[in-house]
Q: 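Following this message is one structure expressed as structure tokens.
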Amino acid sequence: MSKKLFSLLYGDKVHVAPKTKIIPSETFSKALDIQEMLTHVKEEEKKYRADVTAECEKLKEHARKEGFEEGYQEWAEQLAILEAEIVKVRQDLEK
């Protein structure tokens with residue numbers, strides 16, 4: 001059940017298909033403007049996604065570095081506590 005807006009079956013003349021409506025030029029113009037706007041929005045969406053992805057990667061890398069530094073600092077503190085405990089145990093053994 002296909003609906004044709006017009007038919008080009010009779011040479012160079014355009015014949016309107018029976019029982020169909022002709023789109024007014026203003027409506028057709030608006031449809032073209034909307035199509036252009038959708039194309040523009042899709043391009044902006046792609047750019048926005050790329051920007052957000054890049055920003056997320058930067059934040060992810062920053063969080064990874066920050067987590068590593070925090071873990072390293074905690075490890076160093078625990079190592080210092082362990083070394084102090086070793087010194088204490090050695091002193092106790094010498095007594």
Side-chain angles (χ1 to χ4, degrees):
M1 186 174 181
S2 67
K3 294 184 179 183
K4 292 182 180 180
L5 181 61
F6 56 86
S7 171
L8 296 174
L9 297 177
Y10 301 105
D12 294 337
K13 295 182 181 179
V14 175
H15 300 278
V16 178
K19 297 182 182 180
T20 59
K21 295 181 181 180
I22 297 176
I23 299 174
S25 63
E26 294 173 0
T27 305
F28 187 73
S29 177
K30 286 180 184 177
L32 289 177
D33 290 342
I34 291 170
Q35 184 65 30
E36 289 175 11
M37 184 172 43
L38 284 173
T39 303
H40 181 69
V41 167
K42 286 179 182 179
E43 289 172 3
E44 285 184 355
E45 180 261 340
K46 287 179 184 177
K47 290 177 186 175
Y48 178 74
R49 280 184 185 253
D51 292 344
V52 168
T53 301
E55 184 178 344
C56 286
E57 289 299 320
K58 286 180 186 177
L59 289 172
K60 189 173 155 182
E61 182 65 22
H62 175 72
R64 188 190 67 75
K65 286 180 181 179
E66 188 176 294
F68 176 80
E69 289 174 10
E70 185 178 316
Y72 181 76
Q73 184 67 29
E74 189 173 323
W75 177 76
E77 290 171 5
Q78 292 298 321
L79 191 58
I81 292 170
L82 182 62
E83 287 177 356
E85 195 67 31
I86 289 172
V87 169
K88 182 180 176 187
V89 168
R90 282 187 181 163
Q91 288 175 353
D92 289 344
L93 285 174
E94 287 178 3
K95 289 182 184 178

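Not measured: the values here are computed from a predicted model.
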Q: Would you call the rings of Y72 and F68 parallel, tilted or perpendicular if under 30° counts as parallel and over 60° as perpendicular?
A: parallel

Q: Looking at E44, E36, K42, M37, which hits side-chain contact (heavy atoms from CB on, under 4.5 Å) with H40?
A: E44

Q: With the threshold set at 4.0 Å, does a side-chain nitrogen-carboxylate oxygen contact exist between R49 and E45?
A: yes

Q: If you round to the nearest 0.5 Å, how far is CD of Q73 from CD of E70?
A: 9.5 Å

Q: Drop me the distance from E55's CD to Y48's OH, to the nearest 0.5 angstrom.
A: 8.5 Å

Q: Flag the pair E85 / I81 as yes when at least one side-chain heavy-atom distance between them is below 4.5 Å, and no otherwise.
A: no

Q: Given side chains that start at C-beta, do those of L82 and Q78 come closer than 4.5 Å, heavy atoms only?
A: no

Q: Find the distance between OG1 (T53) and NZ (K60) and round it off to the nearest 0.5 Å.
A: 11.0 Å

Q: Under 4.5 Å between any side-chain heavy atoms of E57 and E61, yes or no?
A: no

Q: Just verifying a value: how many Å separate Q35 CD and L38 CG, rounded to the nearest 0.5 Å?
A: 6.0 Å

